[in-house]
Each structure stands twice: as C-alpha cells, then as structure tokens.
Amino acid sequence: LAIELRDGSDHPIPGSTIPLGVLSVETPDRLYDLPDDIAVPLDVDFKPGISLRGLSPGELTGRSGEELTFSLYWQTETGTDQLLSTFVHLLDAENGIVSQSDQWPGGVPSVLWDAGQVIVDEHTMALPADLPAGEYRLAAGLYTAENGVRLPAYDDSGAQLEQDRFLLPLEVTISP
C-alpha cells in the first residue's frame with residue numbers, strides 16, 4: 001500500500017511515492033453444511049431469512065462467578081444488508097435476566113454472510129459471583145445493531161414467539 005502524488009493531469013509526480021506497508025485481504029472460511037454433532041437440533045425462524053438450527057453442548061452447567069460456554073448454530077437463507085447482533089439471556093425462575101451475552105453472530109458482521117451459510121456462534125457468558133445455585137433458562141434472539149429492534153421470531157409451527165426470543169429447550173444448572 002502506498003501514497004502517490006499526482007499532478008493536475010493525473011500523472012504521477014516522480015519521487016512522490018510513499019510506501020505505507022503491506023495490506024492483506026483474507027476471506028473467512030465459510031461453512032454451508034450443519035455439523036453432524038449438534039447436541040440440540042432446533043428449527044426457529046427469524047425474519048428475514050435466518051434460522052437458529054442448534055445448540056451445543058446438550059447439557060449446560062456452571063458455577064457462580066465463572067463462565068458458561070456454549071455455541072448456537074445459525075443458518076441464512078439469503079444474505080442481509082442489516083448489521084445484526086445475537087442476544088442470549090440467562091433467565092431466573094421469574095424470567096429476570098441475571099446475565100447476558102451480546103455479539104455479532106460468529107464474530108462476523110452479518111452483512112458479510114452468504115446465502116445458505118452456517119454461522120457457528122460461540123458464546124462465553126460471565127456468571128455473577130452472587131448467583132444463587134439452581135436451575136436457569138437461556139433465551140436467544142437477533143436484533144438490529146442500528147436500533148436494537150428484535151427480528152421477528154417464529155417456532156417450527158409458524159407461530160410468532162413471545163418477545164421475539166426463543167427459550168432454549170434445556171435448563172442451565174448453576175452450583176455455588
């Protein structure tokens with residue numbers, strides 16, 4: 001990469017080139033087939049054209065003050081021009097949010113997704129040190145980064161989900 005001065009006729013001025021360095025452009029590896037080892041297969045649609053296809057591992061346990069690690073698997077029907085973020089909320093028995101993780105799905109801006117692409121969305125959620133032992137639930141969804149509006153979410157029967165979020169079908173066991 002270099003800067004070069006040009007004259008009024010758009011000809012390079014001799015000796016004016018200044019090297020800035022090397023620019024590398026890397027394309028991300030893309031996955032188009034769902035992994036065979038997804039622990040909890042899912043079928044939840046978010047409009048327009050994104051589906052939550054799974055969760056791993058199949059059992060989630062954690063300790064107060066530590067981290068909870070899991071992966072969501074998204075798949076696109078088409079590309080999108082919206083910059084999207086994932087939210088995952090850890091909910092207590094009264095559906096209060098006790099911890100959360102928000103990020104670009106898979107760490108990749110959604111405007112770079114390709115039609116049919118599978119996005120492996122790895123989350124590490126900090127658990128509060130004073131989190132009481134017990135059973136918790138995870139809720140997940142997508143929202144536009146621009147204004148925080150959630151994408152409409154639908155279950156496998158086509159019914160719109162309450163609060164446009166999906167309650168993942170397993171409990172999270174927290175121990176002290």
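The shown structure was predicted, so the numbers you read here are calculated from the model rather than taken from an experiment.
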Chemist: Is there a path of hydrophobic side-chain contacts, each under 4.5 Å between heavy atoms of I/L/V/M/F/W/Y residues, joining Ile50 to Tyr154?
Modeler: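 Shared cluster, no.
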Chemist: Applying side chain to side chain donor-acceptor pair (under 3.5 Å) as the test, list every pair that has at least one member in residues 123-145; sequence neighbours left out.
Modeler: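 Listed once each, the pairs are Ser101-His123, Asp102-Tyr143, Asp121-His123, Glu135-Thr173, Thr144-Asn147.
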Chemist: Verify the cluster assignment for Phe87 and Leu68: are they in a single hydrophobic cluster under the rule of side-chain heavy atoms below 4.5 Å apart?
Modeler: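 Phe87 does not cluster with Leu68.
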Chemist: For Val22 and Leu1, what are the C-alpha separation, side-chain angles and deciding distance, and is it a side chain to side chain contact (heavy atoms under 4.5 Å, CB included)?
Modeler: CA-CA 6 Å; Val22 176; Leu1 186 63; over 6 Å; no
Chemist: Take a 6.0 Å sphere around CG of Asp7 and say whether it holds more than 12 heavy atoms from other residues, nucleotides or ligands.
Modeler: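 Yes, CG of Asp7 has more than 12 neighbouring heavy atoms, counting only those of other groups under 6.0 Å.
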Chemist: Counting only heavy atoms not in Glu67, do more than 12 sit closer than 6.0 Å to its CD atom?
Modeler: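 Yes - once you tally the heavy atoms of other residues, nucleotides and ligands closer than 6.0 Å, there are more than 12.
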Chemist: Sub-3.5 Å donor-acceptor pair from the side chain of Ser110 to the main-chain atoms of Ser85, do we have one?
Modeler: no
Chemist: So Val108 and Ile119, do their side chains get closer than 4.5 Å, heavy atoms only?
Modeler: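 They are not in side-chain contact.
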Chemist: For the side chain of Gln117 and the backbone of Gly79, is there at least one donor-acceptor N/O pair under 3.5 Å apart?
Modeler: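 Checked: no pair found.
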Chemist: Tell me, with the steps shown, if Leu83 and Trp104 meet side chain to side chain contact (heavy atoms under 4.5 Å, CB included).
Modeler: CA-CA 8 Å; Leu83 191 55; Trp104 285 344; 3.8 Å; yes
Chemist: If you define the side chain from C-beta out and look only at heavy atoms, does anything of Leu84 sit under 4.5 Å from Phe46?
Modeler: no
Chemist: Is the side chain of Gln75 donor-acceptor paired with the backbone N or O of Gly116 at a distance under 3.5 Å, no angle test?
Modeler: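 Such a contact is found between Gln75 side chain and Gly116 backbone.
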Chemist: Are any side-chain N or O atoms of Thr86 and backbone N or O atoms of Ala140, one a donor and one an acceptor, separated by less than 3.5 Å?
Modeler: no
Chemist: Are Leu138 and Leu91 side-chain neighbours, meaning at least one heavy-atom pair lies under 4.5 Å?
Modeler: no
Chemist: Taking everything shown except Glu4 itself, do over 12 heavy atoms lie less than 6.0 Å from its CD?
Modeler: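 Check passes, neighbour count above 12.
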